[in-house]
Protein chains: 2
Amino acid sequence: MGESGQQSASIERLKPQDKRRISDSTIHRLSLYHRLLGELESDGTKTVSSKQLAELQRLTPAQVRKDLSFFGAFGTRGLGYSVSDLRKKIAEIIGLDRRWNVAVIGVGNIGSALIGFKEFPNRGFDVKLVFDNDQRKIGSNHKGMRVSDIRNLKEDLKANQIDLVILAVPSSPAQKIVDEVVAAGVKAILSFAPTHIDVPPDVYVRSEDMSMELEYLTYALVNNPGK
Amino acid sequence: MGESGQQSASIERLKPQDKRRISDSTIHRLSLYHRLLGELESDGTKTVSSKQLAELQRLTPAQVRKDLSFFGAFGTRGLGYSVSDLRKKIAEIIGLDRRWNVAVIGVGNIGSALIGFKEFPNRGFDVKLVFDNDQRKIGSNHKGMRVSDIRNLKEDLKANQIDLVILAVPSSPAQKIVDEVVAAGVKAILSFAPTHIDVPPDVYVRSEDMSMELEYLTYALVNNPGK
DNA sequence: GAATGTGAAGGTTTTCACAGCA
DNA sequence: TGCTGTGAAAACCTTCACATTC
């Protein structure tokens with residue numbers, strides 16, 4: 001928290017107008033708007049209202065306007081928003097006005113899926129490095145990527161200026177690997193290991209547990225039989 | 001909403017004590033507790049306090065107790081909770097006291113990763129069917145599963161009593177396939193298609209967009225340089 | 001003494017409703 | 001007239017603090 005962190009001067013960034021922290025849900029929805037605006041742009045749609053933006057995602061117009069209002073006033077009263085302008089603004093807010101270097105650790109089921117994931121480059125993410133600890137995999141080609149030895153993790157992450165790490169390893173070695181990743185100076189980790197990951201406060205972790213996603217649904221099935 | 005949905009009489013289910021809807025965050029944390037209790041059980045830990053349960057996940061003890069209190073009183077004052085009892089209770093709440101039949105639609109990158117995902121059977125999910133529309137894949141073996149023709153989707157889902165569908169297809173055909181799935185009577189869908197999915201109100205959808213997960217992190221990187 | 005279970009307080013997020021502008 | 005931008009109200013969620021129980 002607090003008033004730390006002056007922005008790099010080179011980019012005049014859109015940031016929250018007041019000092020209030022922006023909620024996770026708002027960030028999530030901004031991402032959603034950004035994705036939808038991309039679809040609309042491809043369709044050739046020029047302008048869009050908060051009402052339309054909301055309906056297409058099952059949200060409320062007020063919600064859409066409030067989310068955007070934290071960062072500025074991007075619309076035109078009586079008219080709505082310019083699809084391409086709004087998309088650019090949101091891209092700037094969530095950091096999609098640049099490309100990001102990604103490393104994938106673990107070339108098992110999920111790891112190899114993500115390496116071959118065509119959506120990533122379209123959305124600004126370039127998988128630059130791939131690691132494993134299995135001698136049979138190291139050096140081999142996996143969907144066009146050469147698999148590196150995890151023993152060189154720290155050095156390779158630094159040398160290649162990796163911004164984001166995707167962790168696709170079992171739970172048992174996960175924390176130890178994360179410690180290495182943190183030591184390499186990486187500040188953002190997307191983990192698929194089904195266990196809690198501990199990091200210093202200046203490092204961001206997002207944990208994805210596929211089974212937990214399904215459990216959400218089973219809860220709903222079991223508890224809302226009719227809905 | 002409303003008072004619909006009497007429970008099936010055969011299972012005496014733990015349900016919310018008051019009529020207030022349980023929040024998504026609570027369900028998510030119950031899943032987390034369940035996972036952690038599993039680890040503790042393997043370690044041979046017999047009892048656990050809300051304080052411990054909280055610290056291991058970076059939550060507060062009050063939060064843990066409140067979450068549980070919506071469903072009953074499972075602890076012993078002065079002592080804490082029995083690891084194995086609490087785990088069983090939570091399993092019952094989120095529907096993990098039974099097994100679930102899953103179908104995976106789309107045998108691309110993510111689809112095939114999930115088919116081979118060993119964590120699923122450990123957590124109660126059995127992948128029973130796998131579909132694709134690619135003639136070269138249909139009939140072939142993918143990680144031990146025979147790939148079915150998506151043209152028989154509706155019939156096969158019904159015949160095999162599929163509870164949950166995992167959708168791992170591109171955005172463009174996603175909605176059409178979902179309509180089929182819904183017509184087959186399936187009430188829960190986990191979608192990896194990076195687009196909004198529309199379903200009737202008695203069907204539950206959870207959407208996972210890998211790029212959006214990364215975007216969360218880029219927002220943090222760009223906006224909290226020092227944190 | 002130790003830790004649960006829970007009303008009440010405090011904080012955050014969403015929705016409302018309308019002033020203001022194209 | 002139509003739709004944005006935004007304070008204020010309402011709903012919701014988390015934390016506090018303490019009576020209660022083992």
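Each chain gets a letter, A, B and so on, in the order its sequence line appears, and its residues count up from 1.
- Following rounding to the nearest Å, K51(B) (NZ) and dG5(C) (C1') show an atom-to-atom distance of 18 Å.
- OP1 or OP2 of dC22(D) has not a single side-chain nitrogen or oxygen of T76(B) nearer than 4.0 Å.
- Checked against dT14(D), dA3(C), dT14(C), the side chain of R77(B) finds its nearest nucleotide in dA3(C).
- Closest to the R65(B) side chain, of the nucleotides dC13(D), dT15(D), dT4(C), is dT4(C).
- In the set dA22(C), dT14(C), dT4(C), dT4(C) carries the atom at the smallest distance from any side-chain atom of Y81(B).
- At least one side-chain nitrogen or oxygen of T60(A) sits closer than 4.0 Å to the OP1 or OP2 atom of dT15(C).
- Using a 4.0 Å heavy-atom cutoff across all strands shown, K66(A) reaches at least one base atom of the nucleic acid.
- Rounding to whole angstrom units, CZ of residue R21(A) and P of dT14(D) are separated by 13 Å.
- Counting only distance, with no hydrogens or angles, the side chain of Q175(B) and the backbone of D198(B) share a donor-acceptor pair below 3.5 Å.
- A close approach under 4.0 Å does occur between a side-chain nitrogen or oxygen of S50(A) and OP1 or OP2 of dT4(D).
- Distance from the side chain of S49(B) is smallest for dA3(C) among the nucleotides dA19(C), dT14(C), dA3(C).
- Atom CG of L68(A) is separated from atom P of dC3(D) by 16 Å (rounded to the nearest Å).
- Using a 3.5 Å distance cut-off with no hydrogens or angles, the side chains of E215(B) and S31(A) do pair a donor with an acceptor.
- Here the C1' atom of nucleotide dT14(D) and the CD1 atom of I22(B) are 14 Å apart, to the nearest Å.
- Sorted by residue number, the list of members of residues 27-48 of chain A with any non-hydrogen atom under 4.0 Å from DNA chain D is empty.
- Inspection of the Y33(B) and D67(B) side chains reveals an N or O donor paired with an N or O acceptor under 3.5 Å.
- The side chain of A62(A) lies closest to dC16(C) when the candidates are dC16(C), dT15(D), dT4(C).
- Between Q52(A) atom CD and dT4(D) atom C1' there is a gap of 14 Å when expressed in whole angstrom units.
- The six-membered or imidazole ring of F120(A) lies near that of F117(A), with a centre-to-centre distance under 6.0 Å.
- Between the P atom of dG5(D) and the CG atom of L86(A) lies a distance of 9 Å, rounded to the nearest Å.
- Here the straight-line distance linking atom CD of E119(A) with atom CG of L214(B) works out to 11.0 Å at 0.5 Å rounding.
- A donor-acceptor contact closer than 3.5 angstrom is absent between the side chains of E208(A) and S191(A).
- Minimum atom distance to the side chain of A73(A) is reached by dG5(D), of the listed dT4(D), dC13(D), dG5(D).
- The pair E92(B)-K88(B) fails the salt-bridge criterion, with no side-chain N (NZ, NE, NH1 or NH2) lying under 4.0 Å from an Asp/Glu carboxylate O.
- The shortest distance between the side-chain N/O atoms of Q63(B) and the OP1/OP2 oxygens of dC13(D) is not below 4.0 Å.
- The nearest whole Å value for the distance from the CG atom in L53(A) to the C1' atom in dG2(D) is 17 Å.
- Look at R29(B) and D24(B) and you find no salt bridge, because none of the NZ, NE, NH1 or NH2 atoms lies under 4.0 Å from a carboxylate O.
- Straight-line distance from the CZ atom of F71(A) to the C1' atom of dT6(D): 16 Å, rounded to whole Å.
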